[in-house]
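Whatever order the structure lists ligands and atoms in, that order sets their numbers, starting from 1. Residues take their numbers from the sequence shown, with the count starting at 1. Since we're looking at a predicted model, the values are computed, not measured. Atom set for the values below is all heavy atoms of this structure, side chains included, hydrogens, waters and symmetry mates excluded.
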Amino acid sequence: MYWSRTFIPTMKETPEGAEIPSHILMLRAGLISQVMAGAYTYLPMGLRSLSKAAQIVREEMNRAGAVELVMPAMSPIALWDQTGRTEAFGDVLVKLDLPRGGRKVRVVLGPTHEEIITDLVSRQISSYRQMPITLYQIQNKFRNEERPRFGVLRTSEFLMKDAYSFDTDLESLGRSYDAMYEAYCRIFDRCGVEYLPVEAESGPIGGDASHEFMIPSGNGEDTVVHCPQCGYAANTEKAEIGERRQQAPDVEMARIEKVATPGAATIEQVSQFLKCRPADLIKTLLYEADGKPLAVLARGDHEANENKIRRMVGADRLELAAPGTIERVTGAPVGFAGPVGMAEKIPIYADADIQFVRNGVTGANEADAHLTGVNPGRDFELEAYADLRNATAGDPCPRCPSVLTIREAIEVGHVFKLGTKYSEALGARFADSKEQLHTIIMGCYGIGIARILAGLIETNHDAAGIIWSVPLAPYEVLLVPMKVKDEETMKIAQSLHDELEAAGVEVLVDDRDARAGVKFNDADLVGFPLRVVIGPRGLKEGKLEVKWRWDTETEMIDLDGAAKTLAGLIAEEKTTNARFRARDDNEKD
Ligand code: ATP
Ligand code: MG
């Protein structure tokens, strides 16, 4: 391909509204162009990279034994009503009323496809002999995200690979799940993105039933809890905390005193008012677990984790108690709950760190008042201490003697053991060898294709622009003839282009009649991995100047046999990402 014939609208300025490097660079490098908030056109360079990521995903899905099909984006809302997801998705679900011969047909633009695929399987699969099977597609999803942002990282329409496994029993589901998990590792390795599989909330199946694939990045919207020592990694909802090892400070227990705290309601306000640390505050959170009230105590500087609380009490549903319930249980307005002297006796649980609080501050179960000198063990009774809060940096690792770190990350993929939620709702059953009917057991597996690109760029760029790995670059080699008016130069450029193409190398010739500086800046901005300069000085000695995007040094290669040399370099790098990764180690840490 020739630069002058394709369409690469690069720009020098930082585009308005773009905040993070991947968004800025994708716009500046002419990969994407915004249509409206959350909607982008993929320009030729962006589309090439997107298609390459999709192709790697496809190849690895196929290798793992999954089978490709494609479902329509549009489906009848009845299917979503049947699984309760019209309500669960709420405004995120894109719904349309289509006029059809005098009546209106309500349809949904799929945010994911469990309903459609399960409906298909319920019609087409009826025997254990037809399973296990994993079906997948690479297709556009629609989600009316409340806050579309960060370029293609969060859009209202996006390309997703979604796979669904159908099995007869849990053991078989385990095998299907592991096959997808391993395929994901191969996909992200091949793309050259650094990733971390983390344990995520598991839903109905429990246990080790869900992993998110995260790209650690300062601008990620997710946080990941990670132990660099043993590798334990989980998302914040799921992350366990190891045994708390600190001790209560060696200070005498004071008497409880009630103090007036007019107008102080938040942790900050109370700690400022009483001149104490947030860690000296014991917050009392009131929940309803399957409708029954309970209180949870957590240190003022900690955040309670509702999943952990729900699991501990074995409830199906857990929500913050309604204001009316709080007032009844505490005997005070909302905001002044405390474990000492509640109006009603309800079970109280505390996060494990509460046992080390001495002379803490709690709500007084009375408007505008707090208690100081509150001591667990002496002043109130508990059902139990447990791990009930989100992990923070420096907490003990649950798997080894080391401590946890917190990292921001971009969720790029998700594997999930679903169980029978959708097969149950949509009647997908199979007959076993004895003609007994059972519900099919499912798993679902998503990858955001655009997030692979944005994630790679977010973690691989410099001041000049994008640094692509060879497998995802829009073109692998950029030929830069210096004198485009010189016939000899252009003859060499053209034959090298043709030879490289014939050798299966994706090559772009910058045939623009522009200054070298302009061409080099664009080359770095778009980030082609291998830049080959055809210049007068080199040519005099029968040489070309070659530079990897991530290197500062250039290297001269012989013009004679140059296509073969370049094709060899690209082929090696494409299968190993070795130079790309070595650059990671040298420059990024
Ligand atoms: P998030 O928590 O970031 O909203 P999700 O957990 O809702 O994502 P899934 O339903 O697990 O997303 O979808 C599978 C994959 O699709 C995600 O791992 C992510 O890579 C991608 N994805 C989800 N929402 C978007 C979006 N709005 N724009 C681009 N990609 C998305
Ligand atoms: Mg997810």
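- The existence of a salt bridge linking Lys421 and Glu114 is excluded, since no basic side-chain nitrogen approaches an acidic carboxylate oxygen closer than 4.0 Å.
- Judged as a ring-ring contact (aromatic ring centres under 6.0 Å, His included), the pairs with a partner in residues 33-52 (not counting sequence neighbours) are, in order, His23-Tyr40.
- A donor and an acceptor atom, one from each side chain of Ser210 and Glu212, are nowhere located under 3.5 Å apart.
- Between Phe188 and Tyr195, the angle of the ring planes lies from 30° to 60°, which puts this pair in the tilted group.
- Using a 4.0 Å cut-off between charged nitrogen and carboxylate oxygen, Asp353 and Arg389 count as a salt-bridge pair.
- Protein residues having a heavy atom under 4.0 Å from any atom of ligand 1 are Arg143, Glu145, Val152, Leu153, Arg154, Thr155, Phe158, Met160, Glu411, Val412, Gly413, His414, Gly448, Arg451, listed by chain and number.
- Between Arg244 and Asp395, none of the side-chain N atoms (NZ, or NE/NH1/NH2) sits under 4.0 Å from a carboxylate O, so this pair counts as no salt bridge.
- The Mg ion (ligand 2) lies at 2.8 Å or more from every N, O or S atom belonging to Glu212.
- In this model, a donor atom of one side chain and an acceptor atom of the other lie less than 3.5 Å apart for His211 and Tyr177.
- Vertex the Mg ion (ligand 2); arms to His414 ND1 and Glu411 OE2; angle rounded to 10 degrees, 100°.
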